[in-house]
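First up is the structure itself, then whatever we jot down about it.
Note on naming: letters A, B, ... go to the chains in the order of the sequence lines (proteins, then strands), and numbering restarts at 1 for each one.
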Number of protein chains: 2
Amino acid sequence: MLIGTLSERTGCHIETIRYYERIKLLPKPPRSGGGHRLYDREQVKRLVFIRRSRELGFSLDEIRTLLRLVDGKRYTCQEVKTITETHLDDVKRKIADLRRLQKTLATISGQCEGGLVPDCPIIDTLLSSR
Amino acid sequence: MLIGTLSERTGCHIETIRYYERIKLLPKPPRSGGGHRLYDREQVKRLVFIRRSRELGFSLDEIRTLLRLVDGKRYTCQEVKTITETHLDDVKRKIADLRRLQKTLATISGQCEGGLVPDCPIIDTLLSSR
DNA sequence: GATAAAACCTGTAGTAGCTACAGATGCAAG
DNA sequence: CTTGCATCTGTAGCTACTACAGGTTTTATC
C-alpha cells in the first residue's frame with residue numbers, strides 16, 4: 001500500500017503521515033525499489049488510533065505515551081485511564097475559561113448599539129485597565 | 001520610561017513587547033543615547049488595550065484591525081461590534097466542540113474500571129475507526 | 001573615577017501540529 | 001517515448017510567544 005492509499009483510508013494528509021514518521025509516532029516503513037513508502041494494514045490501524053485520539057483532543061505527546069503502552073503490551077487499564085482523566089480535566093478547564101470569555105464578550109457586545117458614532121463602549125472597555 | 005517599567009505597568013513580558021514591535025502592533029519607540037527604548041503613557045494605554053484584548057481571546061490579527069480603527073479615529077461602532085460578534089461566535093463554537101469531547105471522554109473513561117488487565121475499553125475505542 | 005550589578009540590546013532558535021511549497025524522481029498508460 | 005500523476009526530500013511558513021547567548025548601557029556603591 002502506497003502513502004496515498006494510507007492517506008485515503010485514514011483521512012490523514014500525506015504530509016501529516018510523513019510528519020508523524022519524522023517525529024517517530026509512526027515507524028519507518030519499508031520502501032519500494034524506487035524509494036516509495038510501503039504500508040500494511042497494521043499501519044492503517046495505528047494511524048487510525050492516532051487520528052481518533054487527536055479528534056478527542058489528546059496531544060501528540062499523550063498519544064506517544066498511549067502508543068508506548070500499547071506497543072509494550074504491558075499497559076494496565078489504570079495507566080490509560082489516568083491519561084484520559086487528566087485530559088478530561090483539561091477539557092473541563094478550557095470549557096470553564098471559554099464560558100467566562102463568552103459572558104464578558106456578550107456583555108460588552110450588548111452595550112454597543114452598533115451605530116455610526118466613533119465612541120464605542122467596546123473600545124472603552126478594552127482601553128480601561130480593568 | 002524604559003521597557004522594564006512598561007512591562008511592569010502592563011503585565012507584558014519584555015520579550016513580548018519587543019515581539020509586538022517587530023510585528024508592528026507597537027510603533028518603534030524613540031531611543032536613548034545608548035539605544036534603550038523610551039516609552040510614554042500613550043504606549044502604556046496601547047499595550048493595555050492589546051493585553052486586555054488578548055485576555056478576551058482576540059487574535060493578534062483581530063487586534064491589529066481594532067487598533068487600525070482606533071488609530072484612524074474613523075471607526076464606527078458597527079465595525080467594532082462585528083469583529084466582537086464574530087469572535088463571540090468562534091468562542092461559542094469552541095465551547096460546543098469541547099462539550100462534545102467532554103461527553104465522549106467521560107463515556108469511555110466510565111467504561112474503564114482501571115484494573116490491571118491489559119484489555120482496556122479506552123484503547124479498544126481508539127483502535128476502532130468509529 | 002573605578003567597578004560591579006542590574007537592565008538593556010540584537011539575533012537566533014525553539015515550542016505544537018501541522019501545511020505548503022520547490023524541484024527532483026518513480027511509475028503506468030497510450 | 002512521452003505525458004501526467006504520484007511520490008520523494010528538504011525547507012519555510014503559520015500563531016503567539018519564550019528562551020537563550022553574548023554584548024552594551026546605565027546605575028549604584030566605594
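Within 4.0 Å of B:F58, counting heavy atoms only, lies no atom of the nucleic acid at all.
With a cutoff of under 4.0 Å to any heavy atom of chain A, the contacted region of DNA chain D is bounded 5' to 3' by D:dT7 to D:dT9.
Between the side chain of B:S7 and the backbone N or O of B:C12, at least one donor-acceptor pair lies under 3.5 Å.
Between B:E55 and B:R51 there is a salt bridge, since a side-chain N of the basic residue sits under 4.0 Å from a carboxylate O of the acidic one. We find that B:R93 and B:D90 are joined by a salt bridge, their nearest charged nitrogen and carboxylate oxygen being less than 4.0 Å apart. The pair B:R68-B:D71 does not count as a salt bridge, with every side-chain nitrogen at least 4.0 angstrom from each carboxylate oxygen.
One distance of note links CG of A:L69 with CD1 of B:I123; it measures 7.0 Å at 0.5 Å rounding.
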Indicate for each nucleotide in nucleotides 4-10 of chain C, in 5' to 3' sequence, whether protein heavy atoms under 4.0 Å reach the base (B), only the sugar-phosphate (S), or nothing (-). ----SSB
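Under the 4.5 Å side-chain criterion, counting only non-hydrogen atoms from C-beta, A:S59 is not in contact with A:H87. At a threshold of 4.5 Å between non-hydrogen side-chain atoms, the residues B:R37 and B:S32 do not count as touching. A 4.5 Å side-chain heavy-atom check between A:M1 and A:D40 finds every atom pair outside the cut-off. Contact annotation: the side chain of B:V80 never approaches that of A:C112 to less than 4.5 Å [non-hydrogen atoms, C-beta and beyond]. Side chains of A:R54 and A:L60 form a contact here, defined as non-hydrogen atoms less than 4.5 Å apart.
Taking 4.0 angstrom as the limit, A:S32 places none of its side-chain polar atoms (N or O) nearer than this to OP1 or OP2 of C:dG26.
Comparing A:R22 and A:G33 along DNA chain C, the residue whose closest nucleotide (by nearest heavy atom) sits nearer the 5' end is A:R22.
Following rounding to the nearest Å, A:E15 (CD) and C:dC21 (P) show an atom-to-atom distance of 10 Å.
Remark: nothing in residues 86-102 of chain B comes within less than 4.0 Å of DNA chain D through any heavy atom.
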